[in-house]
Amino acid sequence: MAEDVIIALDFPGESETMAFLDLFHDKKPYVKIGMELFYAMGSDAVKEIKRRGHRIFLDLKLHDIPNTVKSAMAVLSKLNVDMTNLHAAGGSKMMEAALEGLTRPDGTRPLLIAVTQLTSTSQETLENDLLIQKPMAQVVSHYAKTAAACGLSGVVCSPLEVRDVKAACGNKFLTVTPGIRFAGGDAGDQVRITTPEKAREIGSDYIVVGRPITKAPDPVSAYERACREFLGK
Ligand code: C5P
């Protein structure tokens with residue numbers, strides 16, 4: 001069920017990011033901090049954006065040996081983000097270790113979700129580059145089921161895969177869906193895309209919207225349009 005619109009803060013540094021957030025005044029959109037901003041600003045990005053009152057999805061897509069991911073997640077758990085993620089391709093041992101690392105001594109933890117296949121990956125890339133000779137939908141559902149079995153809260157996937165993921169893992173298993181474009185918008189490098197309205201119909205829980213908002217002539221109106229179309233308000 002449509003929960004919220006998350007803006008991908010894909011900016012190269014602090015000044016661009018804060019100037020963008022200032023446009024929203026008292027509105028505090030849920031935001032995603034990805035590799036670009038995190039590598040530029042480090043954990044200061046998280047601290048400053050939290051201080052401003054935003055919820056944060058920290059999108060660092062961890063993928064390494066279980067022990068390294070566990071230790072890295074233990075560090076991230078201290079940043080007080082609301083959601084973070086890893087690649088399901090790292091396997092179940094890595095996902096279990098991640099969950100352990102992310103769980104604070106008091107038992108609380110941010111939501112942990114898994115990337116199934118990137119929304120920029122086509123069937124052709126899956127077969128020719130990754131040597132996975134299965135339909136995308138089947139690969140995504142399998143990765144989602146593995147993540148659910150490890151105790152994760154949901155997956156990042158294309159809206160086009162939400163129905164399959166919910167059928168495989170149950171309705172409460174969260175689907176966070178990038179690859180969102182307004183009707184008539186530019187797809188850029190995304191392949192498996194849909195509109196905010198369609199994402200709602202399909203049953204996405206959160207949509208992640210980057211360039212259609214950050215590169216819009218009026219980002220606040222573009223955000224409001226995404227909310228109207230996705231949340232119906
Ligand atoms: O600009 P755009 O709307 O394409 O941004 C989508 C955001 O979602 C980017 O930050 C990208 O890294 C992220 N993402 C994605 N596909 C995934 C996981 C994350 O596009 N499977």
Side-chain angles (χ1 to χ4, degrees), residues 4-13 16-17 20-21 29-41 45-46 49 54 56-63 81-90 95 111-123 125-126 129-130 132 136-137 139-144 146-147 152-162 164-165 174-199 202 204-217 219 222-223 225-227 229-230:
D4 216 341
V5 173
I6 303 178
I7 305 178
L9 296 178
D10 294 326
F11 294 110
E16 298 86 346
T17 307
F20 175 81
L21 292 177
Y30 201 143
V31 296
K32 179 172 89 66
I33 297 177
M35 292 182 204
E36 186 181 4
L37 187 58
F38 195 79
Y39 293 156
M41 279 185 74
V46 174
I49 294 169
H54 298 267
I56 298 177
F57 166 22
L58 186 58
D59 176 25
L60 298 180
K61 302 188 180 70
L62 275 66
H63 188 173
V81 296
D82 300 276
M83 193 190 293
T84 192
N85 65 354
L86 45 64
H87 271 286
M95 289 195 267
L111 291 173
L112 181 62
I113 59 173
V115 176
T116 52
Q117 287 294 329
L118 295 170
T119 41
S120 55
T121 301
S122 62
Q123 183 68 37
T125 306
L126 198 66
D129 296 353
L130 308 184
I132 300 176
M136 178 65 80
V139 176
V140 168
S141 293
H142 179 71
Y143 282 28
T146 311
L152 271 68
S153 299
V155 286
V156 186
C157 64
S158 158
L160 306 176
E161 288 135 7
V162 167
D164 287 340
V165 167
L174 297 174
T175 51
V176 179
T177 62
I180 302 294
R181 293 294 178 264
F182 292 121
D186 178 13
D189 57 348
Q190 297 282 18
V191 176
R192 292 172 290 128
I193 56 171
T194 193
T195 62
E197 198 169 20
K198 188 84 190 148
I202 292 168
S204 290
D205 297 287
Y206 294 88
I207 55 171
V208 176
V209 190
R211 287 161 290 181
I213 294 176
T214 56
K215 302 264 192 255
Y223 171 69
R225 178 178 175 189
C227 291
E229 293 186 9
F230 182 61

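Quick caveat: nothing in here was measured; it's all calculated off a predicted structure. First listed ligand is number 1; within each ligand, the first listed atom is number 1. Residues take their numbers from the sequence shown, with the count starting at 1.
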Show which atoms of ligand 1 fall inside a sub-4.0 Å distance from at least one heavy-atom site of [X].
| X | answer |
| --- | --- |
| V208 | 8 (O) |
| D10 | 9 (C), 10 (O) |
| L118 | 17 (C), 21 (N) |

Q: Could you tell me whether the side chain of K198 reaches within less than 4.5 Å of the side chain of L160, counting heavy atoms only?
A: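 No, every pair of side-chain atoms sits at 4.5 Å or beyond.
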
Q. Side chains of Q117 and I132: closer than 4.5 Å at any heavy-atom pair?
A.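 Yes, at least one pair of side-chain atoms sits under 4.5 Å.
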
Q. Can you tell which part of V156 has a heavy atom less than 4.0 Å from ligand 1: side chain, backbone, both or neither?
A.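 The answer is the side chain.
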
Q. Backbone, side chain, both or neither: what part of T119 comes under 4.0 angstrom of ligand 1, heavy atoms only?
A.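 Answer for T119: both.
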
Q) Has ligand 1 got any nitrogen or oxygen that is less than 3.5 angstrom from a nitrogen or oxygen of G210? A)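 The answer is yes, given that G210 and ligand 1 share an N or O pair closer than 3.5 Å.
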
Q: Return the option from K32, R211, Q117, E36 holding the heavy atom at the smallest distance from atom 11 (C) of ligand 1.
A: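 Nearest heavy atom to atom 11 (C) of ligand 1 lies in K32.
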
Mind checking whether [X] has a heavy atom under 4.0 Å from ligand 1?
| X | value |
| --- | --- |
| K61 | yes |
| M35 | no |
| P212 | yes |

Using a 3.5 Å distance criterion without hydrogens, assess whether the side chain of [X] forms a donor-acceptor pair with backbone atoms of [Y].
| X | Y | result |
| --- | --- | --- |
| S158 | T119 | no |
| D205 | T175 | yes |
| Q123 | M136 | yes |

**Q.** From CZ (R211) to CD1 (I213), nearest 0.5 Å
**A.**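 These two atoms lie 12.5 Å from each other.
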
Q: Establish, yes or no, whether a centroid distance under 6.0 Å links the rings of F57 and Y206.
A: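 No, ring centres 6.0 Å or more apart.
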
